[in-house]
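Note sheet for the following structure.
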Amino acid sequence: MMRTHTCGDLRPADAGRKATLCGWVATKRDHGGVLFVDLRDRYGLAQATFRAEQNAALYETARHLPLEGVVAVTGTVEARPADKVNPKMATGGVELNAASLEALNDCKPMPFEIGDGEVANELRLQHRFLDLRRPRMQHNLLKRHALTLALRKAFDAERFVEIETPILYKATPEGAREYLVPSRVHRGMFYALPQSPQVFKQLCMVAGLDRYFQIARCFRDEDLRADRQPEFTQVDVEMSFVTPEDVFRVIEGVLKVAWKEVLGVDLPTPFPQVPYEEVMLKYGSDKPDRRYGMEIRDVTEMVKSTSFKVFTEAPIVRGLAAPGGAAAFSRKHIDELTALCAAAGAKGLAWMKYTPEGMQGGIEKFIQEPLRAQLVAKLGAKPGDLLCFIADKKEVVEKTLGMLRLELAKRLALKPSKEWDLHWVVDFPLFLQSEGRLVSGHHPFTQVHPEDFALLDTDPTRVRGLQYDLVMNGTELGGGTIRIHRADVQAKVFGILGLTPEEAQSKFGFLLDALAHGAPPHGGIALGLDRLCALLLGESDIREVIAFPKTHKASCLMTGSPAQASEKQVRELGIVFQAPPRAGA
RNA sequence: GGGGGUGUAGCGCAACUGGUUAGCGCACCAGAUUGUCGAUCUGGAUGUUGCGGGUUCGAAUCCCGUCACCCUCGCCA
């Protein structure tokens with residue numbers, strides 16, 4: 001070993017021992033005759049002391065060490081006198097009195113400092129190996145490790161088996177756009193990188209493995225966001241002989257362990273379950289942030305009595321009361337909110353201020369008593385609130401009020417009622433209307449809610465699926481389903497979706513075949529590990545918890561990927577471009 | 001694919017309505033300094049104002065194009 005201790009190890013109890021530390025030169029403080037060098041590694045910071053009177057040549061060498069150069073320092077551990085102790089450092093009670101120094105590597109001038117300062121995103125990604133040396137990323141990556149380790153231990157304790165599934169998979173007919181990989185052996189054929197290990201985990205259930213999990217890399221060739229990367233990691237889970245409740249209990253238990261291990265926090269379980277219809281009504285979103293109150297209420301029937309045509313002629317009217325909004329928002333602010341509602345698809349924003357003197361402004365003149373009192377009661381409004389209403393088709397009302405609610409929470413700087421709000425959204429509709437036909441809400445293998453089998457024939461749009469999402473603080477952390485495991489039910493669902501048996505066979509052949517060979521009832525869930533980790537650490541961008549992420553346009557600024565392939569490689573694959581790639585591209 | 005934002009020294013930023021030699025802090029280099037710990041003090045060096053074009057006596061500043069990064073809608077388990 002080149003070192004006897006790490007830079008975070010030494011304590012006063014080590015005084016008198018000889019030690020060698022290896023690390024990066026973090027800072028130097030030269031006092032003319034005595035020089036302090038802080039050595040850094042991932043375990044901590046340690047102060048090495050060089051004295052001219054002790055060894056003039058060594059002192060002179062150490063003075064000229066470059067910052068971020070790599071050195072090994074050997075010397076004697078000395079306890080610091082009481083007035084020289086640095087209580088801010090874990091190793092602040094000691095210092096290493098240097099007797100010798102080996103420069104292990106030089107360091108060119110740094111593009112940015114290794115510290116907590118703001119550095120442009122582009123620069124960080126270009127020199128990611130240096131960015132990862134900084135405290136924020138060191139902390140985040142170590143916490144991510146703690147998280148995945150906790151998850152693995154918790155799943156293992158529940159008798160889950162971690163199984164790896166292929167990265168080179170096959171293009172699937174549905175879902176996100178996929179990354180394709182051309183085959184050299186099978187010219188003209190392609191693999192696809194998996195959007196998720198969905199099919200394989202079901203096959204594991206057919207194989208009798210009973211409880212599967214995987215920390216799985218997934219790929220989607222879609223446009224990116226702060227919470228989306230082209231490759232990301234899912235905590236993928238599948239279980240046999242289970243109901244949704246069984247899946248919930250396992251995930252709640254596993255997350256409870258994770259919170260404890262990573263944050264030292266006791267996460268309350270079980271998580272509340274909220275039906276899809278309820279979240280869409282109250283929050284206008286299927287991933288609601290429930291920590292801000294301000295729930296949406298339906299007032300369609302209540303406002304039928306007004307002379308306000310916007311209200312009486314719309315299919316749906318809903319509203320909310322923004323706490324303190326009457327005083328906080330000027331006419332100009334309300335105009336801005338109205339513009340946002342218009343951008344979301346609504347025709348406008350109907351509003352009035354509920355002041356201590358009564359209703360003011362906006363649609364006030366259309367609304368008389370007793371309707372005013374009824375609306376105040378229905379929305380739970382208090383004097384000082386701004387009452388907001390949207391009248392339109394149901395989908396528009398939900399979307400607009402959902403957006404408005406989040407915007408109001410932001411503009412009014414509403415305090416969240418708690419730090420962590422985790423809940424299950426359940427009872428999703430199995431089918432959605434799309435251009436006059438029915439399509440799967442999630443995927444065509446989602447099991448029918450046991451109470452709704454009869455509706456399959458009479459009113460399929462009211463059929464609920466055994467589908468669930470896990471939502472945390474307004475972010476979708478994951479989702480899953482119980483799968484259909486019987487051929488007759490599957491055939492029925494395919495029929496409702498307008499798929500003939502032949503089409504179903506050609507699209508999903510081997511899966512259907514597997515299900516027909518003694519597939520157990522099974523279901524599971526997949527959690528977005530990057531999002532989970534970011535939320536746990538208070539990061540709003542998942543790139544802060546990914547070691548080597550890509551930019552908004554899916555390129556890696558450090559390695560320069562994607563890049564052109566050599567002509568030979570392309571030729572071997574039998575690929576011919578329609579037009580030559582642009583020079584310099 | 002649509003909309004928006006940003007781009008000035010190695011880094012973070014400044015430069016009023018177009019106006020003389022584009023500034024400040026940190027880092028860097030040299031010197032001073034025997035107890036600092038985000039050390040301090042003195043001095044020094046550093047610019048294709050992303051790139052290309054245009055308007056103008058004169059452009060970091062205005063216009064057009066382009067590139068990169070970011071946000072957002074569409075898209076996306």
Side-chain angles (χ1 to χ4, degrees), chain A residues 26-40 45-54 59 63-64 66-68 78 80-81 83-89 91-92 95 97 107-127 130-131 174-178 194-198 216 218-230 232-236 286-287 340 343-345 399 403 428 441-443 467-471 475-481 524-528 530-531 540-541 543 550-553 555 557 582 584-585:
Chain A
T27 52
K28 287 183 298 181
R29 295 174 296 277
D30 183 358
H31 287 262
V34 59
L35 168 72
F36 302 103
V37 176
D38 286 347
L39 290 185
R40 188 198 60 241
L45 271 180
Q47 175 169 286
T49 312
F50 297 83
R51 295 171 200 282
E53 60 184 21
Q54 211 171 287
Y59 167 78
R63 282 182 68 186
H64 293 95
L67 283 190
E68 295 305 317
E78 292 178 355
R80 298 195 203 177
D83 61 323
K84 306 294 191 306
V85 167
N86 182 354
K88 287 188 284 185
M89 284 168 66
T91 61
E95 61 193 352
N97 187 355
C107 184
K108 295 204 293 184
M110 298 284 286
F112 51 80
E113 291 165 57
I114 305 302
D116 296 316
E118 276 293 304
V119 180
N121 187 285
E122 199 173 346
L123 204 66
R124 292 178 60 195
L125 293 180
Q126 223 164 49
H127 308 275
L130 297 180
D131 189 37
E174 324 258 300
R177 189 181 301 123
E178 294 163 317
Q195 310 168 37
S196 81
Q198 165 101 0
C218 306
F219 306 85
R220 286 183 198 146
D221 186 7
E222 296 288 353
D223 285 347
L224 306 180
R225 291 283 191 288
D227 61 353
R228 281 189 231 155
Q229 282 277 296
F232 61 100
T233 306
Q234 278 187 352
V235 182
D236 198 39
D286 60 0
K287 45 176 179 167
L340 288 172
K399 182 185 173 194
M403 177 282 301
F428 282 81
H442 187 73
H443 59 57
Q467 177 194 343
Y468 31 84
D469 277 358
L470 178 60
V471 177
T475 296
E476 182 195 317
L477 257 193
T481 60
I525 190 168
L527 306 179
D530 311 290
R531 287 184 188 178
S540 56
D541 190 325
R543 281 172 291 204
K550 295 193 170 49
T551 70
H552 199 250
K553 287 181 85 176
S555 52
L557 298 179
R582 255 183 299 169

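Below, read A as the first sequence line, B as the second, and so on, with proteins coming before strands; counting in each chain starts at 1.
Residue contacts for A176(A): at a heavy-atom cut-off of 4.0 Å it reaches the sugar-phosphate backbone alone, with no base atom in range. Within 4.0 Å of D469(A), counting heavy atoms only, lies at least one base atom of the nucleic acid. Looking at heavy-atom distances under 4.0 Å, A52(A) makes no contact with the nucleic acid at all. Note on Q467(A): a base of the nucleic acid sits closer than 4.0 angstrom, heavy atoms only. Using a 4.0 Å heavy-atom distance criterion, D541(A) is classed as a sugar-phosphate-only contact. Residue contacts shown for G528(A) are absent, as no nucleic acid heavy atom lies under 4.0 Å away. Here Q195(A) lies in heavy-atom contact (under 4.0 Å) with sugar-phosphate atoms only. Among the heavy atoms of the strands, none lies under 4.0 Å from L45(A). Among the atoms of the strands shown, base atoms are found under 4.0 Å from some heavy atom of M89(A). In this structure, L35(A) reaches neither bases nor backbone, as no heavy-atom distance under 4.0 Å exists between it and the strands shown. At a threshold of 4.0 angstrom between heavy atoms, the contacts of E118(A) are confined to the sugar-phosphate backbone, with no base atom among them.
Applying the Watson-Crick and G-U wobble criteria (two distances, each under 3.5 Å), U46(B) pairs with nothing in any strand. The pairing partner recorded for C69(B) is G5(B), the criterion being a Watson-Crick or G-U wobble arrangement whose two distances lie under 3.5 angstrom. Pair assignment for C37(B) gives none, since no Watson-Crick or G-U wobble pairing has each distance under 3.5 Å. Pair assignment for U21(B) gives none, since no Watson-Crick or G-U wobble pairing has each distance under 3.5 Å. Across all strands shown, C16(B) remains unpaired; no Watson-Crick or G-U wobble contact has both distances below 3.5 Å.
Contact annotation: R29(A) side-chain N/O to A39(B) OP1/OP2 distance is under 4.0 Å. Between R225(A) and C73(B) there is a side-chain polar atom (N or O) within less than 4.0 angstrom of OP1 or OP2. For K108(A), no side-chain nitrogen or oxygen approaches OP1 or OP2 of C28(B) to under 4.0 Å. Taking only side-chain nitrogens and oxygens, S555(A) comes nearer than 4.0 Å to OP1 or OP2 of C69(B). For the pair T27(A) and C37(B), the criterion of a side-chain N or O lying under 4.0 Å from OP1 or OP2 is not met. Listed pair N121(A) / C70(B) meets the phosphate criterion, a side-chain N or O lying under 4.0 Å from OP1 or OP2. Taking only side-chain nitrogens and oxygens, K88(A) never comes nearer than 4.0 Å to OP1 or OP2 of C37(B).
The backbone N or O of T481(A) lies less than 3.5 Å from a partner atom in the side chain of Y468(A), making a donor-acceptor pair.
To the nearest angstrom, P of G1(B) lies 13 Å from CG of L224(A). The nearest whole Å value for the distance from the CD atom in Q126(A) to the P atom in G7(B) is 17 Å. The distance between atom CD of E95(A) and atom P of U34(B), rounded to the nearest whole Å, is 17 Å. Rounded to a whole Å, the CD atom of E178(A) is 12 Å from the P atom of C76(B). The CG-P distance, from D131(A) to C11(B), rounds to 14 Å in whole Å. If you measure from atom CG of N86(A) to atom C1' of A39(B), you get 12 Å, rounded to the nearest angstrom. H552(A) has its NE2 atom 11 Å from the C1' atom of C73(B), to the nearest Å. The interatomic distance linking E78(A) (CD) with C37(B) (P) rounds to 19 Å, in whole Å.
Of all nucleotides listed (C70(B), C37(B), C75(B)), C70(B) comes nearest to the side chain of R543(A). Of all nucleotides listed (C69(B), C11(B), G12(B)), C69(B) comes nearest to the side chain of L557(A). Taking the side chain of R228(A) as heavy atoms from C-beta on, and the options C75(B), U36(B), A27(B), the nearest nucleotide is C75(B).
Each of E53(A) and P111(A) lies near RNA chain B, and the nucleotide nearest P111(A) is the one positioned closer to the 5' end. Comparing V85(A) and F428(A) along RNA chain B, the residue whose closest nucleotide (by nearest heavy atom) sits nearer the 5' end is V85(A).
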Exercise. Could you go through the side-chain contact (heavy atoms from CB on, under 4.5 Å) check for M403(A) and L340(A) one step at a time?
Key: CA-CA 9 Å; M403(A) 177 282 301; L340(A) 288 172; 4.1 Å; yes
Quiz prompt | Pair D223(A)-R228(A), salt bridge (charged side-chain N to carboxylate O under 4.0 Å, His left out): steps then yes or no | solution = CA-CA 8 Å; D223(A) 285 347; R228(A) 281 189 231 155; over 6 Å; no
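The NZ atom of K553(A) sits 11.0 Å away from atom CG of L224(A), with the distance rounded to the nearest 0.5 Å. In this structure, T27(A) OG1 and E113(A) CD are separated by 11.5 Å, a value rounded to the nearest 0.5 Å. Atom CG of D469(A) sits about 8.0 Å away from atom CD1 of I525(A), to the nearest 0.5 Å.
Using a 3.5 Å distance cut-off with no hydrogens or angles, the side chains of Q234(A) and S196(A) do not pair a donor with an acceptor. For the residue pair Q47(A) / N86(A), no side-chain donor-acceptor distance below 3.5 Å is found, with atom types taken as modelled.
The base of C11(B) lies outside donor-acceptor range of the side chain of R124(A), with no N or O pair under 3.5 Å.
The ring of F112(A) does not lie on top of the base of C11(B); it is either too far (5.5 Å or more) or too tilted (30° or more).
Taking the P atom of each, C13(B) and C67(B) are spaced 25 Å apart, rounded to whole Å. Separating the P atom of U17(B) from that of C69(B) is a span of 30 Å, rounded to the nearest Å. Across the P atoms, G53(B) and C41(B) are found 45 Å apart, a figure rounded to whole Å. Between A59(B) and U8(B), the distance separating the two C1' atoms is 14 Å to the nearest Å. Taking atom C1' on both A9(B) and A45(B), the two are 11 Å apart, rounded to the nearest angstrom. Atom C1' of G3(B) sits at a distance of 15 Å from the matching atom of C75(B), rounded to the whole Å. Look at the C1' atom in both A22(B) and A14(B): the space between them is 10 Å, to the nearest Å.
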Give me the distances for all protein-to-nucleotides 31-33 of chain B N/O pairs that come in under 3.5 Å?
unit_1: U33(B); atom_1: O2; unit_2: D30(A); atom_2: O; d: 3.3
unit_1: U33(B); atom_1: N3; unit_2: D30(A); atom_2: O; d: 2.9
unit_1: U33(B); atom_1: N3; unit_2: G32(A); atom_2: N; d: 3.4
unit_1: U33(B); atom_1: O4; unit_2: D30(A); atom_2: OD1; d: 3.2
unit_1: U33(B); atom_1: O4; unit_2: D30(A); atom_2: OD2; d: 2.7

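Inter-residue side-chain proximity for F50(A) and R63(A) is flagged as unmet; no heavy-atom pair is nearer than 4.5 Å.
Checked options K28(A), R40(A), K108(A); the residue passing with E68(A) is R40(A) (criterion: salt bridge (Lys or Arg N to Asp or Glu O under 4.0 Å)).
Crowding of K287(A) atom NZ: a count of heavy atoms from other residues, nucleotides or ligands under 6.0 Å not exceeding 12.
Y59(A) and D30(A) make their closest contact through OH-OD1, 2.7 Å (heavy atoms, listed as atom of the first residue, atom of the second, distance).
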